[in-house]
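Data block below; observations after.
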There are 2 protein chains.
Amino acid sequence: MNVNRKNHLEARARVLKALAHPTRLFIVEELEKGEQCVCDLTAMIGADVSTVSKHLSVLKQGGIVLDDKRGNQVFYRLRVPCILNFFGCVESVLETQAQDHVDCLTREGA
Amino acid sequence: MNVNRKNHLEARARVLKALAHPTRLFIVEELEKGEQCVCDLTAMIGADVSTVSKHLSVLKQGGIVLDDKRGNQVFYRLRVPCILNFFGCVESVLETQAQDHVDCLTREGA
DNA sequence: TGCCTATTTGGCTATATTGCCAAATAACGA
DNA sequence: TCGTTATTTGGCAATATAGCCAAATAGGCA
């Protein structure tokens with residue numbers, strides 16, 4: 001595996017890693033509806049503010065969101081518009097799993 | 001956040017987590033070309049066979065790949081055809097980052 | 001059966017992630 | 001300036017992940 005390819009794979013992995021947490025996926029889904037401040041996200045998530053802030057920091061480092069400080073609040077928004085399509089594929093994975101589960105139960109019952 | 005939504009987010013996160021590693025992304029890219037046995041993947045990756053086997057196990061648990069034992073070899077293949085599109089979005093994230101980096105350098109130079 | 005190859009599993013250490021609390025920082029209004 | 005609110009950062013403990021080696025398992029063949 002050459003160095004370029006390795007770097008590229010590592011870059012991709014960083015992006016995916018930034019998304020790979022339930023709370024961060026929740027944040028992304030909420031930001032699809034429009035920008036949100038940390039305080040509102042925190043209220044919806046129900047974790048410590050510092051925890052939410054750190055998740056936002058991970059998303060920012062991963063290039064998923066942008067922040068904008070206005071007054072004493074910080075508003076976050078999605079940086080890349082395609083995140084929605086992105087999840088289409090994840091859903092396919094989940095649906096395939098679900099179907100396999102159904103198939104499995106059907107076979108057992110037969 | 002209700003229980004259903006939470007479960008769904010956790011399921012999505014599991015899929016993304018399974019993909020979020022350079023070696024596993026490499027494997028997925030290679031499997032896009034067609035099925036591969038563990039031994040060939042191991043040779044390409046250059047890590048211990050046991051390490052590669054564990055990565056494959058993670059991908060299998062995540063619903064990304066399927067395995068098929070034939071003789072004393074195990075062949076892995078992609079389970080969901082959309083993985084390619086999937087990466088289109090990750091690429092957009094990376095390109096946006098790259099563009100920002102260029103912008104940043106340009107501003108500095110100005 | 002016994003040996004060889006392919007793969008998985010167990011066990012270990014090193015490292016990374018998560019989530020909380022407490023403290024630091026920033027902006028706002030009295 | 002002081003107090004209040006919003007957010008980030010530091011630090012800690014619990015847990016998860018990654019990679020290696022060694023051992024177990026499975027299949028093929030003499």
Side-chain angles (χ1 to χ4, degrees), chain A residues 1 6-7 9-28 30-31 34-77 79, chain B residues 1 6-7 9-28 30-31 34-77 79:
Chain A
M1 203 184 330
K6 196 177 171 190
N7 287 339
L9 291 169
E10 281 168 1
R12 284 183 171 189
R14 272 192 294 276
V15 174
L16 289 169
K17 213 164 171 179
L19 287 166
H21 188 285
T23 299
R24 295 198 287 270
L25 290 179
F26 176 87
I27 291 170
V28 168
E30 290 305 314
L31 296 187
E35 67 171 18
Q36 294 282 346
C37 66
V38 180
C39 51
D40 287 348
L41 288 170
T42 301
M44 289 188 272
I45 291 164
D48 194 273
V49 200
S50 67
T51 300
V52 174
S53 176
K54 279 177 186 174
H55 280 305
L56 286 164
S57 165
V58 171
L59 287 171
K60 190 178 161 186
Q61 284 304 113
I64 316 292
V65 302
L66 290 170
D67 60 339
D68 182 20
K69 180 155 196 170
R70 295 206 293 276
N72 61 350
Q73 289 181 308
V74 180
F75 291 86
Y76 281 85
R77 65 179 188 280
R79 191 184 186 206
Chain B
M1 200 183 336
K6 197 177 171 191
N7 286 339
L9 290 169
E10 282 168 0
R12 281 183 175 190
R14 272 193 294 277
V15 174
L16 289 169
K17 213 164 172 179
L19 286 166
H21 188 285
T23 300
R24 294 197 288 270
L25 290 179
F26 175 88
I27 291 171
V28 168
E30 290 305 315
L31 296 187
E35 66 172 18
Q36 294 281 349
C37 66
V38 179
C39 52
D40 287 348
L41 288 170
T42 300
M44 290 187 271
I45 291 164
D48 194 273
V49 200
S50 67
T51 301
V52 175
S53 176
K54 280 176 185 173
H55 280 305
L56 287 165
S57 165
V58 171
L59 288 171
K60 190 178 161 185
Q61 285 304 113
I64 315 293
V65 302
L66 290 170
D67 60 339
D68 182 22
K69 181 155 196 169
R70 295 207 293 276
N72 60 349
Q73 289 181 307
V74 178
F75 291 87
Y76 281 84
R77 66 180 187 279
R79 190 185 186 203

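Lettering of chains follows the sequences in order, A, B, ..., and the numbering in each one begins at 1. All of these numbers come straight from a predicted model, not from anything done at the bench.
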Taking [atom1] from [X] and [atom2] from [N], how many angstroms apart are they, rounded to a whole number?
X: A:Gln36; N: D:dA6; atom1: CD; atom2: C1'; answer: 15 Å
X: A:Asn72; N: D:dT8; atom1: CG; atom2: P; answer: 12 Å
X: A:Asp48; N: D:dA14; atom1: CG; atom2: C1'; answer: 16 Å
X: B:Leu56; N: C:dT7; atom1: CG; atom2: C1'; answer: 10 Å
X: B:Phe26; N: D:dG19; atom1: CZ; atom2: P; answer: 14 Å
X: B:Leu19; N: D:dT17; atom1: CG; atom2: C1'; answer: 16 Å
X: A:Glu10; N: D:dA18; atom1: CD; atom2: P; answer: 13 Å
X: A:Tyr76; N: D:dA6; atom1: OH; atom2: P; answer: 15 Å

(message) Between the base of D:dG28 and the side chain of B:Lys69, is there a donor and acceptor pair under 3.5 angstrom?
(response)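 In this structure, the two groups form no donor-acceptor pair.
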Where is the tightest heavy-atom contact between [X] and [Y], given as atom of each residue plus distance?
X: B:Ala18; Y: B:Ile64; answer: CB-CG1, 4.4 Å
X: B:Leu56; Y: B:Leu41; answer: CD2-CD1, 4.0 Å
X: A:Tyr76; Y: A:Val65; answer: CD2-CG2, 3.7 Å

(request) Would you kindly compare A:Thr23 and B:Lys54 by the position of their nearest DNA chain C nucleotide and give the one closer to the 5′ end? (result)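 That would be B:Lys54.
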(request) Select from A:Arg24 and B:Val74 the residue whose nearest nucleotide in DNA chain C is closer to the 5' end of that strand. (result)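 Result of the comparison: B:Val74.
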What contact category does [X] fall into here, base, sugar-phosphate, or nothing, at under 4.0 angstrom with non-hydrogen atoms?
X: A:Phe75; result: nothing
X: A:Ser50; result: base
X: B:Arg70; result: nothing

(request) Please check if the side chain of B:Ser53 supplies one atom and the backbone of B:Val49 the other of a donor-acceptor pair under 3.5 Å. (result)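 The answer is no, because no donor-acceptor pair under 3.5 Å joins these two groups.
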(message) On DNA chain D, compare the nucleotides closest to A:Ser53 and A:Lys17; which residue's is nearer the 5' end?
(response)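 The residue mapped nearer the 5' terminus is A:Ser53.
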(message) Under the side-chain hydrogen bond (donor to acceptor under 3.5 Å, both in side chains) test against A:Asp67, which residue among A:Arg79, A:Arg77, A:Lys60 passes?
(response)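 For A:Asp67, the side-chain hydrogen bond (donor to acceptor under 3.5 Å, both in side chains) check succeeds only for A:Lys60.
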(message) Under 4.0 Å from OP1 or OP2 of C:dC20: is there any side-chain N or O of A:Thr51 that close?
(response)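 For C:dC20, OP1/OP2 do have a side-chain N/O of A:Thr51 under 4.0 Å.
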(request) Would you please confirm or rule out a distance under 4.0 Å between OP1 or OP2 of C:dT17 and any side-chain N or O of A:His55? (result)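 No, no such contact exists.
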(request) Drop me the distance from A:Leu59's CG to A:Leu66's CG, to the nearest 0.5 angstrom. (result)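 Output value for this atom pair is 11.0 Å.
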(message) Nearest 0.5 angstrom please: B:Thr23 OG1 to B:His55 NE2, how far?
(response)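 With rounding to 0.5 Å, OG1 (B:Thr23) is 4.5 Å from NE2 (B:His55).
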(request) Enter the inter-axis angle for the ends of the helix from C:dT1-D:dA30 to C:dA30-D:dT1 (five pairs per end, rounded to 10°). (result)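 Overall, the helix from C:dT1-D:dA30 to C:dA30-D:dT1 bends by 10° from one end axis to the other.
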